[in-house]
Visitor: 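My questions all concern the structure below.
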Amino acid sequence: TKKEKTWMEKVIKEDEVTKYMDGGKDFINDEEIWEKLIDNSNPEPARIREIIQKSLSIQTLEPDETAALLNVKDPELWQEIFDAAGKVKKKVYDNRIVTFAPLYCGNLCVNNCLYCGFRRDNHVIKRRVLTLDEVRREAEVLAGEIGHKRLIVVYGEHPLTGPQYIRDTIETIYSVRVKTRNGYGQIRRVNVNAAPMSIDDLKMLKEVGIGTYQVFQETYHHETYEKLHPKGTIKAHYQWRLYCHHRALEAGVDDVALGVLFGLYDWRFEVMGLLYHARDLEKQFGIGPHTISFPRLEPAANTPFVQETRYRVSDEDFKKLIAVIRLSVPYTGMILTAREPAHIRREIIASGMITQTDASTRIGIGAYSDRYNEQELERQQFELGDTRSLDEVIRELAEMGMITSFCTAGYRCGRTGERIMTLLRTGKEAVFCKLNAVLTFREWLDDFASPETKAAGEKVIQKELEELRERVPEKVYNKLLEYYRRIQNGER
Ligand code: SAM
Ligand code: SF4
């Protein structure tokens with residue numbers, strides 16, 4: 001419509017793009033990336049082991065080093081890489097894992113990304129934007145019935161779901177408080193996956209307590225990007241997207257998140273792109289990505305491109321790319337989503353490289369408070385691989401020896417941005433956060449767990465308490481026990 005067109009013309013602020021560019025060039029140079037990949041083919045095992053050691057000391061890798069890892073052929077050397085990736089995660093985050101749910105607020109979109117079910121030209125799907133009352137109802141189910149404390153709210157790019165709407169939805173979600181079995185449920189962290197915004201709009205979202213600002217570049221390869229994002233749409237502007245995390249950090253947003261939609265272009269190239277991106281943020285702001293996501297392209301209703309792609313990533317390569325990202329940006333959180341089927345999620349989570357995963361996931365608009373129905377696919381952006389409940393996922397994690405942390409205190413205490421980076425790099429966060437992981441897991445088990453999950457969870461908690469007695473000073477341990485008892489008595 002005319003209204004949409006006028007709105008689109010005003011979105012991109014060119015001066016906010018060029019501000020962070022280096023002499024008019026962006027930090028992704030396609031030729032340079034291919035050169036690095038070619039120059040580092042056939043790396044010596046000794047060199048790979050040196051690179052692994054560097055990752056284990058929690059240092060971001062150089063492009064040449066990541067390129068060398070990506071060129072490993074020997075399966076035994078790959079096994080060493082997988083093992084090291086698990087060790088890096090353990091050193092930085094220990095056996096903690098965080099769960100969240102996506103909340104889709106609207107599927108209107110002015111863009112036409114060829115791979116996405118929400119694209120403008122897809123007339124098959126039903127378009128809908130949640131009212132704030134509907135957003136509240138969704139949050140009530142998520143916080144009060146399922147037991148989530150963290151959400152990622154997701155929006156198409158459209159004047160009806162622009163920055164003001166995003167602000168209102170964040171405020172609405174934070175205002176929800178629901179009585180539970182033994183306490184109350186509340187969403188404590190609202191992360192946002194939305195289109196690139198201006199510095200002023202991001203400042204506005206910072207004011208209402210935006211969590212992580214997540215935008216995926218989709219593909220770092222310029223030519224592919226141009227092909228998949230038709231001219232005349234906002235998303236066609238590669239650099240407006242590439243520098244949106246820079247703008248967010250400038251606006252005071254503490255945490256930003258990167259991602260690639262794997263399957264659009266060569267996966268090795270994309271991993272290099274993520275590394276260059278992380279390094280540029282580190283260089284310009286002293287802060288790298290809070291998390292990195294690596295969604296694989298999924299089928300979407302009436303979206304033929306997905307079937308045509310020749311860059312589909314096999315399960316084997318998927319594991320490799322996750323391990324290389326883990327080693328290349330060792331401090332970052334890594335998100336594996338329910339796009340993946342349960343057996344892949346199980347295998348990858350068990351290998352210990354992941355820090356966050358979603359559960360009880362529904363991606364239809366309004367799907368948490370509605371009954372799950374057959375038309376669901378028509379409201380969805382793509383098809384989900386794993387629809388298991390949070391309770392089931394947590395039980396499985398507990399059986400693997402992992403503790404699900406519902407703690408969001410770090411953010412509220414200002415342990416974000418540069419401060420959290422130092423704690424992560426030095427491995428201090430691993431123990432520090434375990435205390436709150438135990439306390440918040442206790443709350444969750446008492447408020448939401450099924451009897452089977454509770455039984456599996458109790459075992460994990462007992463083991464953690466025993467370990468913490470050895471790992472933290474007595475004074476701290478006694479304080480932990482005091483809080484633990486208060487929670488058992490119903491305090492939250
Ligand atoms: N509209 C905003 C944007 O494009 O940045 C944010 C929301 S969009 C719904 C969130 C992400 O979904 C996109 O960044 C893209 O990576 C992912 N996505 C789109 N189509 C997909 C598909 N067919 N399979 C898997 N993920 C997809
Ligand atoms: Fe719109 Fe985002 Fe889907 Fe592209 S990926 S069509 S911008 S919702």
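If you're wondering where the values come from, they're calculated on a predicted model, not measured in any experiment. All ligand and atom numbering here is 1-based and tracks the order in the structure.
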Visitor: Kindly indicate whether a cation-pi arrangement holds for R188 with F406, taking the cut-offs as under 6.0 Å to the six-membered ring centre and within 45° of the axis.
Guide: no
Visitor: Does Y220 offer a backbone N or O that forms a donor-acceptor pair with the side chain of Y238 under 3.5 Å?
Guide: yes
Visitor: Looking at E347 and K319, is there a salt bridge between them, counting it only when a charged N and a carboxylate O are closer than 4.0 Å?
Guide: yes
Visitor: Backbone, side chain, both or neither: what part of H229 comes under 4.0 angstrom of ligand 1, heavy atoms only?
Guide: neither
Visitor: For ligand 1, which atoms sit closer than 4.0 Å to a heavy atom of R296?
Guide: 25 (C)
Visitor: Is there a side chain to side chain contact (heavy atoms under 4.5 Å, CB included) between L281 and L258? Walk through the geometry before answering.
Guide: CA-CA 11 Å; L281 291 171; L258 308 182; 4.2 Å; yes
Visitor: Using a strict cut-off of 4.0 Å, indicate which atoms of ligand 2 neighbour a heavy atom of C113.
Guide: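 So the answer, numbered in order with elements, is 4 (Fe), 5 (S), 6 (S), 7 (S).
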Visitor: For F27 and H277, take the angle between the two ring planes, folded into 0 to 90°, and tell me which bin it lands in: parallel under 30, tilted 30 to 60, perpendicular over 60.
Guide: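 Tilted, since the angle between the ring planes falls between 30° and 60°.
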Visitor: Run the numbers for me: atoms of ligand 1, each under 4.0 Å from some heavy atom of K235, listed by number.
Guide: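 Checking each atom against K235, I get 3 (C), 4 (O).
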Visitor: For E218, counting its heavy atoms only, list the atoms of ligand 1 lying under 4.0 Å from any of them.
Guide: 4 (O), 13 (C), 14 (O), 15 (C), 16 (O)
Visitor: Quick test of your reading of the model: are K203 and E250 salt-bridged, counting only N-O distances below 4.0 Å?
Guide: no
Visitor: Do you know the tightest heavy-atom contact between C109 and H158?
Guide: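 It is N-CD2, 4.2 Å.
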Visitor: Could you list the atoms of ligand 1 found under 4.0 angstrom from a heavy atom of V154?
Guide: 7 (C), 9 (C)
Visitor: I'd like to check which ligand 2 atoms, numbered from 1 as shown, lie under 4.0 Å from a non-hydrogen atom of K235.
Guide: 2 (Fe), 4 (Fe), 5 (S), 7 (S)
Visitor: Out of H158, R339, R119, who is nearest to atom 17 (C) of ligand 1 when you count heavy atoms only?
Guide: R339
Visitor: Answer yes or no for C109: is there an N/O/S atom below the 2.8 Å cut-off from atom 3 (Fe) of ligand 2?
Guide: no
Visitor: Distance to the ring centre below 6.0 angstrom and angle to the axis at most 45 degrees; does that hold for R296 and W267?
Guide: no
Visitor: Need the ligand 2 atom indices (1-based, order shown) with element for anything under 4.0 Å from a heavy-atom of R119.
Guide: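 Heavy-atom distances to R119 below 4.0 Å select 6 (S).
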Visitor: Any N or O on Y155 sitting closer than 3.5 Å to an N or O of ligand 1?
Guide: yes
